[in-house]
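As the structure lists them, so they are numbered: ligands from 1, and atoms in each ligand from 1. All residue numbers refer to positions in the sequence shown, counting from 1. Being a predicted model, the structure only gives us computed values, none of them experimental.
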Amino acid sequence: MAKGNNIHIPIMGILDKLTIEDLDVKDKRVFVRADFNVPLDDSLNITDDTRIRATLPTINYAIDGGAKVILGSHLGRPKGKVDPRYSLAPVAKRLQRLLGKEVIFVPDCVGPLVDDAAKRMKQGDVMLLENLRFHPGEENNDEGFARAIAGLADYYINDAFGTAHRSHASIVGIPKFLPSAAGFLMRREIEYLQGVVCNPVRPFVAILGGAKVSGKIGVLENLQSKVDKVIVGGGMAYTFFKAMGYEVGDSLVEDDMLELVERIRKKVTEKNIKFYLPVDCVIAQSLEPGAETKIVPTQEIPRGWRALDIGPASVRLFSEALSNAKTILWNGPMGVFEIDAFSRGTFAVAHAVADAYALTIVGGGDTDLAVYRAGVSDSISFISTGGGAALQLLEGKELPGIAALSAKASKQER
Ligand code: AMP
């Protein structure tokens, strides 16, 4: 849903898979694969519950429909072993508060204890299983493990967009054994990241940033037939500058990408897509707090210095380029925004995106943190909950977790 100053553009359904609304969940045991991989502090307090909140529409829909809701998720990387630091117990507590009803928490995700608890469930009950990754079968996509979880339920719902690019048992294994559908979060992610990007209201501007060009080049290649303008900032810009023959000092450069970026830049400009790079940058000799910083034109980065943020002239240029946009996709910060001295460019671009009269999509990962810190999250139309999964969709690739769901043509009886 568009917010703030942004235009509301209804998204057409593009998902050719079943969604939870296609299933009659009444009195059925519904396994919902959620992404409850939330950050925890040293005392195991949840520091950001966005991911839990993001799945509430699906959970509430199933509860209201009279389902018995069995939730599964991973948390962190316990590497196939039980590790109390990665227990989902704090998630059960928070979920209980957010739902306003009891959440049964079972200390495993397979075995007789879990089977018994699942059998005792009544309509509207919610049960959360312990971390799926406490078992090696999860990441190994073990068929026996997937079958054991599938045995708990009548239907499988995937709402874990952030994990949809992983071929793990709970993502691609369980749906082999059950009628499977997308939850509301999954559907929204696909509709925005695939639907809008494939069929944008123009002008469509993509802003790409972040550390490395190698992480974003697939997105740039896929978007080059769809965008009207591309803005490149962050560390990845300096591989482009080096390829153009500029002195970039100690700025981040991927030498093995030089030929490729030059080829893409030429191809993009030949297609008459407007291509923007920073015109100035904030430089320093180190990332140490208190290190001297300077603002210089990008052609004048001295040896021994590195570019760590875009400068004020680039902010004006990029804001100008965004001013007539109707659709904006942003993935990757403009600088090392985690450090105050190099955060202004990213925050200024966050404000320009938030103020644009456009449908605005932020592509997850670090960029969602940047818009949050800039205080403009509420003015962005859609913020993806998936980092790697969002990138893969934007690269035009199919996600295993979406491919595994039942096709729309094979609708279950209502
Ligand atoms: P990514 O995961 O590729 O989107 O990269 C995000 C990271 O890029 C952030 O942690 C930023 O600190 C980092 N970053 C952005 N701009 C630069 C830069 N000019 N030099 C080094 N790192 C950068």
Using a strict cut-off of less than 4.0 Å between a Lys/Arg side-chain nitrogen and an Asp/Glu carboxylate oxygen, indicate whether [X] and [Y] qualify as a salt bridge.
| X | Y | result |
| --- | --- | --- |
| Asp154 | Lys68 | no |
| Arg344 | Asp309 | no |
| Asp83 | Lys81 | no |
| Lys267 | Glu270 | no |
| Lys266 | Glu262 | yes |
| Glu398 | Lys17 | no |

Taking distance alone, with N or O pairs closer than 3.5 Å, would you say [X] contacts ligand 1?
| X | value |
| --- | --- |
| Glu338 | yes |
| Ala211 | yes |
| Gly209 | no |
| Asp309 | no |

> What protein heavy atom sits nearest atom 17 (C) of ligand 1, and how far off is it?
Replying inline: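 The closest one turns out to be Gly235 N, 3.3 Å.
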> Closest non-hydrogen protein atom to atom 21 (C) of ligand 1, residue and atom name please, with distance?
Replying inline: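 It is Val336 CG2, 3.8 Å.
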>> Show, in sequence, the C-alpha distance, side-chain angles and deciding distance for Phe275 and Phe240, and conclude whether the ring pair (Phe, Tyr, Trp, His ring centres under 6.0 Å) test is met.
In response: CA-CA 11 Å; Phe275 188 80; Phe240 282 91; 5.5 Å; yes
>> Please classify the Ala307 to ligand 1 contact at 4.0 Å (heavy-atom distances, strictly less than): side chain, backbone, both or neither.
In response: backbone
> Under a 4.0 Å heavy-atom limit, does Asp366 contact ligand 1 with its side chain, its backbone, both, or neither?
Replying inline: side chain
What are the atoms of ligand 1, with element, lying closer than 4.0 Å to any heavy atom of [X]?
| X | result |
| --- | --- |
| Leu308 | 19 (N), 20 (N) |
| Gly234 | 16 (N), 19 (N) |
| Lys216 | 1 (P), 3 (O), 4 (O) |

>> Contact between ligand 1 and Met236 is defined here as a heavy atom of the residue under 4.0 Å from a ligand atom; is it met?
In response: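 Contact check Met236 vs ligand 1: negative.
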> Roughly how far, to the nearest 0.5 Å, is CD1 of Ile264 from OG1 of Thr269?
Replying inline: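 Here the rounded value is 11.5 Å.
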